[in-house]
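Because only heavy atoms are used, hydrogens play no part in the values below, and waters and symmetry mates are left out as well, while side chains stay in. Below, read A as the first sequence line, B as the second, and so on, with proteins coming before strands; counting in each chain starts at 1.
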Number of protein chains: 2
Amino acid sequence: MELSERKLKILKAIIKDYIETAEPVGSRTLSRKYDLGVSAATIRNEMSELEEYGYLLQPHTSSGRIPSDKAYRLYVDQLMESKRLAKRQQELLRKNLAQKFHEIQNLLRNSAEHLAELTDYTSIAMAEKTQETLVKHIQLVPVDEDRFLLVLIINAGHVKNSLLKTGQALNQEELQKISNLLNTHLQGKDLRDMTKEQGEIMEEELPEYERTIRGILLYLREISKEIERIDVFFSGTTNIFNFPEFNDIVKARSFLAMLEEKELMKNLLSLSGREGLSVSIGRENLYEIAQECSLVTTTYKVDDRTVGHLSVIGPTRMDYSKVVSVMYRINRDLNRSLKNDF
Amino acid sequence: MELSERKLKILKAIIKDYIETAEPVGSRTLSRKYDLGVSAATIRNEMSELEEYGYLLQPHTSSGRIPSDKAYRLYVDQLMESKRLAKRQQELLRKNLAQKFHEIQNLLRNSAEHLAELTDYTSIAMAEKTQETLVKHIQLVPVDEDRFLLVLIINAGHVKNSLLKTGQALNQEELQKISNLLNTHLQGKDLRDMTKEQGEIMEEELPEYERTIRGILLYLREISKEIERIDVFFSGTTNIFNFPEFNDIVKARSFLAMLEEKELMKNLLSLSGREGLSVSIGRENLYEIAQECSLVTTTYKVDDRTVGHLSVIGPTRMDYSKVVSVMYRINRDLNRSLKNDF
DNA sequence: ATTAGCACTCTGTCTTAATGAGTGCTAATG
DNA sequence: CATTAGCACTCATTAAGACAGAGTGCTAAT
């Protein structure tokens with residue numbers, strides 16, 4: 001079903017107006033505000049047809065019309081024009097680019113903060129949990145008489161460390177000996193598979209360090225849970241109060257409650273964005289609470305492994321043009337950083 | 001100015017009732033609901049005097065009265081009785097205790113989550129920024145052909161690490177040589193004082209590793225900023241929607257906006273809690289936006305150094321008795337964990 | 001000193017009426 | 001024949017007025 005040139009023009013005007021004002025738009029306002037070259041009555045007829053086709057909705061019989069999810073989809077895919085970034089935005093982006101980060105989490109978190117400031121919506125950063133937890137390298141580093149630092153490098157480039165108590169005085173050489181033992185036995189093994197037997201074999205080999213080795217094994221098993229923790233950051237959560245659709249305390253609350261559900265957010269982002277930049281609008285989102293929102297999500301990879309998502313969430317009446325433009329830029333910058341630094 | 005027995009009894013009843021209902025309480029309700037042994041008229045007279053003394057406020061001429069900050073202060077210091085924890089709470093606390101954490105941040109974050117669930121208010125966890133950033137130990141650990149891991153231990157027990165590129169192939173022995181060099185020159189030095197000259201001296205000593213050393217120095221200077229980052233976590237932020245005093249969208253918004261201001265929160269917590277458990281009520285808080293809230297804050301130390309705060313924030317009409325009881329327990333548990341594990 | 005009775009105050013809620021933006025339909029127009 | 005002007009009708013929002021309910025302060029009685 002192809003829409004006529006004129007219908008597209010009218011639809012685009014309606015969407016633009018609604019994005020701007022959040023008010024249902026009527027035929028008269030439209031003809032007065034935009035130069036469409038036809039009278040209000042004609043627009044009325046066209047609008048009526050656009051409603052039949054499912055592009056417009058009428059909140060009640062005698063009100064103006066608002067765009068449907070279908071209309072936004074058409075708008076995002078075909079109608080909208082990319083926006084030039086404002087000076088203020090350009091500058092912020094330059095700053096974002098200039099900083100250096102040594103952990104992907106911090107990089108994402110920082111970008112999320114800028115993203116929220118640039119778009120005036122709520123931004124979400126998510127550091128993807130590690131899929132595998134294979135031991136790559138273990139190193140014990142001396143600290144005090146009775147403490148040492150265990151450094152654990154996992155295959156995916158993740159590093160974990162922790163101060164552990166020895167229970168016995170150990171010098172650097174002894175620690176190195178234990179490190180070597182651990183590496184020969186555990187390299188390539190999955191953290192979740194640290195069995196008791198594993199420990200016993202090692203303890204037999206260096207029985208004088210039995211207690212220390214046992215402590216380490218215990219720690220490795222515990223840490224595997226911590227590594228799988230999902231990290232989700234937000235910025236600009238209070239921005240939603242700017243939008244009349246969330247002026248209702250119940251709506252605002254359920255929006256914020258949704259953000260607090262980390263598991264849900266994780267799935268939402270993973271589902272919404274798989275490759276590059278993607279937009280999911282209203283009911284396209286699988287979760288009901290998110291169906292009055294739209295998400296623009298970018299996905300980041302290092303060596304073909306997804307390491308994180310960056311996302312903007314707002315009402316379906318979102319300034320897609322602005323958001324997409326900003327995210328394209330951030331996406332480009334971030335990918336550059338990731339390539340260079342990780 | 002000493003309050004009579006009867007006045008105290010009435011005041012306590014008013015506070016209890018207001019904490020429960022959030023409605024200004026009048027003399028009739030009071031005499032009907034609580035067994036005070038005197039008529040409504042007498043209560044009226046007493047209330048009128050309590051108002052003169054500054055313990056009660058009257059929102060408008062013909063309404064009931066609400067407690068002032070002064071009244072809450074009296075209540076917290078002298079009137080309230082500690083509450084026994086409910087079964088549900090006991091259980092959650094046991095769970096909280098059972099988990100092991102290897103980073104103070106995670107420990108605090110987790111406790112904050114439980115705290116919010118237990119009290120039905122908003123909880124805040126703050127990991128205090130490190131005051132000093134003196135190098136305690138540096139260790140380089142081999143990873144790939146072209147990458148190694150730098151582990152940095154700072155005096156306060158903080159550990160930072162990062163994957164760095166060598167720019168040249170380095171084996172374990174060579175890395176150890178560089179580690180030793182770094183330790184002899186940098187131990188005890190402040191991270192913020194890493195000067196160029198410092199680097200040049202070291203580069204002269206091992207000129208063949210010039211590039212690597214330069215990279216490390218650069219990293220150390222950068223990381224000093226990251227270490228000072230404040231970490232603030234929240235839990236139960238949407239709980240405030242349960243309270244009628246935040247049913248106004250403007251109030252709710254400004255509350256949430258306050259939480260987003262990390263610097264402000266940091267100061268608020270640091271000021272509010274210095275030792276053990278402290279309560280700051282309404283206008284006792286220095287920041288204006290926090291003056292309709294009360295904070296119950298606990299402070300945590302390791303080796304006499306403040307490492308974090310845990311706090312509950314809610315309306316001044318807070319169930320102090322419940323909150324204080326819960327926090328005493330968490331405080332005890334947490335101090336135990338800190339003593340054992342850090 | 002305490003209490004019952006009463007007039008008065010203020011808020012919140014409900015009803016009603018007025019306003020205004022918008023629609024759909026019909027008939028006129030180029 | 002597509003377009004447009006005109007008109008009756010719908011629905012939401014807002015303002016004003018009426019009313020009930022909870023509370024107070026004061027006075028007089030106990």
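- Residue B:Thr29 places no side-chain N or O under 4.0 Å from the OP1 or OP2 atom of D:dA22.
- With rounding to whole Å, B:Ile43 atom CD1 is found 13 Å from D:dG23 atom C1'.
- Listed pair A:Ser27 / C:dT23 meets the phosphate criterion, a side-chain N or O lying under 4.0 Å from OP1 or OP2.
- Contact check, B:Thr61 against C:dT9: no side-chain N or O comes under 4.0 Å of OP1 or OP2.
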Parsed dot-bracket for DNA chain D after applying the Watson-Crick and G-U rules with both distances under 3.5 Å and | for other-strand partners is ||||||||||||||||||||||||||||||
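- Here A:Ser39 reaches the OP1 or OP2 of D:dT4: one of its side-chain N or O atoms lies under 4.0 Å away.
- Among the nucleotides C:dT2, C:dG24, C:dT23, the one closest to the side chain of B:Thr42 is C:dT2.
- Between A:Arg32 and C:dA21, a side-chain N or O to OP1/OP2 separation shorter than 4.0 Å is absent.
- The side chain of A:Arg28 contributes no N or O atom lying less than 4.0 Å from OP1 or OP2 of C:dG20.
- For the residue pair A:Tyr121 and A:Asp319, no side-chain donor N or O sits within less than 3.5 Å of a side-chain acceptor on the partner.
- The base of D:dT10 lies close enough to the side chain of A:Ser62 for a donor and an acceptor atom to sit less than 3.5 Å apart.
- With hydrogens and angles left out, the side-chain atoms of B:Glu81 and B:Ser321 include no donor and acceptor closer than 3.5 Å.
- Rounded to an integer number of Å, the gap from NE2 of A:His60 to P of D:dT13 is 7 Å.
- Residue B:Arg44 places no side-chain N or O under 4.0 Å from the OP1 or OP2 atom of C:dA4.
- A donor-acceptor contact under 3.5 angstrom links the side chains of A:Ser280 and A:Asn285, judged on distance only.
- Across the protein-nucleic acid pair, B:Glu49 atom CD and D:dT24 atom P stand 15 Å apart, rounded to whole Å.
- Listed pair A:Ser63 / C:dG22 fails the phosphate criterion, with no side-chain N or O lying under 4.0 Å from OP1 or OP2.
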